Novice: 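Could you have a look at this structure, given as structure tokens, before my questions?
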Number of protein chains: 2
Amino acid sequence: MTGRAEEAKERKPRADAQRNRESLLKAAKAAFTRRGAEINLDDLAKEAGVGVGTLYRHFPTRDALIEAVYRAGVKELADMAAQLSAARPPIEALREWMKIFVDYIATKHLIAPALNSMVGGPSQLYAESGTQIKTAIESLVARAVASGDIRPDLDPFDLLRALVGVANVAASPDWEASAKRLVDILVAGSRPVE
Amino acid sequence: MTGRAEEAKERKPRADAQRNRESLLKAAKAAFTRRGAEINLDDLAKEAGVGVGTLYRHFPTRDALIEAVYRAGVKELADMAAQLSAARPPIEALREWMKIFVDYIATKHLIAPALNSMVGGPSQLYAESGTQIKTAIESLVARAVASGDIRPDLDPFDLLRALVGVANVAASPDWEASAKRLVDILVAGSRPVE
DNA sequence: CTAATATACGGAGGATTCCTCCGTTTACAA
DNA sequence: TTGTAAACGGAGGAATCCTCCGTATATTAG
């Protein structure tokens, strides 16, 4: 018979759909970073080079779009950690990753309240992303400890908290540059005492 | 002549205007805390028991309203510090104030991105409020140091950063309770070594 | 390669929300 | 009490959101 595996006949997603989705995410991330969560969605569609209909098909609500950008950021961070670990000396991998994390915070901050106000979902969202990020920095720090570049008693989470805390306290235009300088200071301060 | 002091003939503000303004601020603070910065302003006016026209006269833009809520919060914090200093033992005044600060962050966080996206103004806004808050916690800590309850080498700003950082990292429903427990831990950890 | 068709596309326009404008009301000074 | 500056409310034009559907295109079977 020809009828085998009938219940699993999924097509693979169309290439143009995939392209448009990515184009929208990219434009949304840029727009959120620049102007916060209250961007004009009709304009966003235009910037991404698609129709509004396409935007709303991929992301039915503003919140869905925000969430997607957020998730993409977290995933990118996790992937980047693995990639840097493979390609760079431990201490440099950690340093680079922390700087990328600063970029991530820049978008996350602007959309955090929107995430918070989503009923039902946010805590799970945060829990999941928290785990991913925690795993990422833990493995980066572990490698740097193993190579002797970082003190063994350093809590990886302290680094995260320091970054996030500074991001909040200093809201000057110079914010990002200053946070990145702080990364260097933190890394230097985390070296073993001689 | 009767013409003296002519250039300073300001009426005092009408009582109803004052009342409506406060009613709007109160409703706005509640709404921001509950649902973030994207509240429906027509509804907000209704909740405050005034017409939309009144709302827009007092706060011409959404941002103006957000800023007013923010400023009111900062002022309240500064006043509260003085009040607690007068009424309570140093260490308890500090502890209480930090817990009130946590409440304050709960609103501030929801509107922070909106504050950030105001062009031109935000850094000045933050700078001013930063000074007020810094002064408040500095004097609270100074008193507690003088009374011997807190280590002299403690940087008051570390306490603020810790609070703000935790507020970001932990976004669970339990968030506020957890932040307040942290206050107790911070205070305990700031005591002098024996 | 061609045809068949599921899938995605764009954007017009109805629904919603924002905010201006002005005729009416009210608090204050004399 | 009366005059008047100040404030009030809310109708409705402007701006934004988002649904709906006729058209276009990628994919697959033959």
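Proteins come first, then strands; the chains are lettered A, B, ... in the order of their sequence lines, and each starts at number 1. Since the structure is predicted, the reported quantities are computational estimates derived from the model, not experimental observations.
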Novice: For A/Lys26, give me all partners under salt bridge (charged side-chain N to carboxylate O under 4.0 Å, His left out), at least two apart in sequence or on another chain.
Specialist: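 Expected list: none.
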Novice: Specify the separation, in whole Å, of atom CZ of B/Phe59 and atom P of D/dC8.
Specialist: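 The distance from CZ of B/Phe59 to P of D/dC8 comes to 11 Å, rounded to the nearest Å.
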Novice: Measure from CZ on A/Arg62 to C1' on C/dT17 and round the result to the nearest Å.
Specialist: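 Nearest whole value for this atom pair: 12 Å.
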Novice: Given C/dT20, C/dT17, D/dG9, which nucleotide is nearest the side-chain atoms of B/Thr54?
Specialist: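 Nucleotide nearest to B/Thr54's side chain: D/dG9.
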Novice: Holding to salt bridge (charged side-chain N to carboxylate O under 4.0 Å, His left out), I want the full list of residues that pass it with A/Asp42, two or more places apart in sequence or in another chain.
Specialist: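 With sequence neighbours excluded, A/Asp42 shows a salt bridge (charged side-chain N to carboxylate O under 4.0 Å, His left out) to no residue whatsoever.
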Novice: When you measure from every atom of DNA chain C, which of residues 42-51 of chain B have a heavy atom less than 4.0 Å away?
Specialist: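 Of all residues in residues 42-51 of chain B, the ones placing a heavy atom under 4.0 Å from DNA chain C are B/Asp42.
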Novice: Let me know the distance between OH of B/Tyr56 and P of C/dC22, rounded to the nearest Å.
Specialist: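 Rounded to the whole Å, the gap is 18 Å.
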Novice: Taking only residues two or more places apart in sequence, or in another chain, which ones meet A/Arg19 in a salt bridge (charged side-chain N to carboxylate O under 4.0 Å, His left out)?
Specialist: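 Residues passing salt bridge (charged side-chain N to carboxylate O under 4.0 Å, His left out) with A/Arg19: none at all.
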Novice: Please check if any side-chain donor atom of B/Ser147 sits under 3.5 Å from a side-chain acceptor atom of B/Asp149, or the reverse.
Specialist: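 There is such a pair (donor and acceptor under 3.5 Å, judged by atom type) between the side chains of B/Ser147 and B/Asp149.
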Novice: Distance check needed: D/dC8 P versus B/Arg21 CZ, whole Å only.
Specialist: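 B/Arg21 atom CZ is separated from D/dC8 atom P by 11 Å.
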Novice: Go through the steps for A/Ile133 and A/Phe101 under the test side-chain contact (heavy atoms from CB on, under 4.5 Å), then give the verdict.
Specialist: CA-CA 9 Å; A/Ile133 290 175; A/Phe101 184 78; 4.1 Å; yes
Novice: From CD1 of B/Ile66 over to C1' of C/dC18, roughly how many Å is that when rounded to an integer?
Specialist: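 Interatomic distance, CD1 of B/Ile66 to C1' of C/dC18: 14 Å.
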Novice: Between A/His58 and B/Arg19, which has a closest nucleotide on DNA chain C that is more 5'?
Specialist: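 Upstream on the strand: A/His58.
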Novice: Rounded off to whole Å, could you give me the CG-to-P distance for the A/Asp16 and D/dT23 pair?
Specialist: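 Distance check: A/Asp16 CG to D/dT23 P gives 19 Å.
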Novice: Under the side chain to side chain donor-acceptor pair (under 3.5 Å) rule, collect the residues that match up with B/Ser139, sequence neighbours excluded.
Specialist: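 Applying side chain to side chain donor-acceptor pair (under 3.5 Å) to B/Ser139 gives none.
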Novice: Using the side-chain heavy atoms of A/Asn20, tell me which of these nucleotides is nearest: C/dT7, D/dC17, C/dC9.
Specialist: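 Taking heavy atoms from C-beta onward, the closest nucleotide is C/dC9.
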Novice: Has B/Arg62 got a side-chain atom pairing as donor or acceptor with B/Ile39's backbone, closer than 3.5 angstrom?
Specialist: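 Flag set: sc B/Arg62 to bb B/Ile39 pair under 3.5 Å.
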Novice: Indicate, yes or no, whether a donor-acceptor pair under 3.5 Å links the base of C/dT7 to the side chain of A/Arg14.
Specialist: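 Side chain to base: pair present.
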Novice: Looking at B/Lys99 and B/Glu96, is there a salt bridge between them, counting it only when a charged N and a carboxylate O are closer than 4.0 Å?
Specialist: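 Result for this pair is no, no salt bridge flagged.
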Novice: Counting only side-chain N and O atoms of A/Arg57, is one of them less than 4.0 Å from OP1 or OP2 of C/dC9?
Specialist: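 Checking A/Arg57 against C/dC9: at least one side-chain N or O falls below 4.0 Å of OP1 or OP2.
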Novice: Can you give me the closest heavy-atom contact between A/Val145 and A/Pro152, atom names plus distance?
Specialist: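 Result for this residue pair: CG1-CA, 3.9 Å.
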Novice: Looking at C/dT16, I'd like to know if its phosphate oxygens (OP1 or OP2) sit under 4.0 Å from a side-chain N or O belonging to B/Asn40.
Specialist: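 Answer no for this pair, as no side-chain N or O of B/Asn40 is under 4.0 Å from OP1 or OP2.
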Novice: Looking at five pairs on each end of the helix from C/dC1-D/dG30 to C/dA30-D/dT1, what is the angle between the two axes, given to 10 degrees?
Specialist: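 The angle separating the two end axes equals 30°.
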Novice: Round to the nearest Å and state the distance from A/Leu24 atom CG to C/dG10 atom C1'.
Specialist: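 After rounding, the gap between these two atoms is 13 Å.
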Novice: I need the CG-C1' distance between A/Leu41 and C/dA15, as an integer number of Å.
Specialist: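 Interatomic distance, CG of A/Leu41 to C1' of C/dA15: 16 Å.
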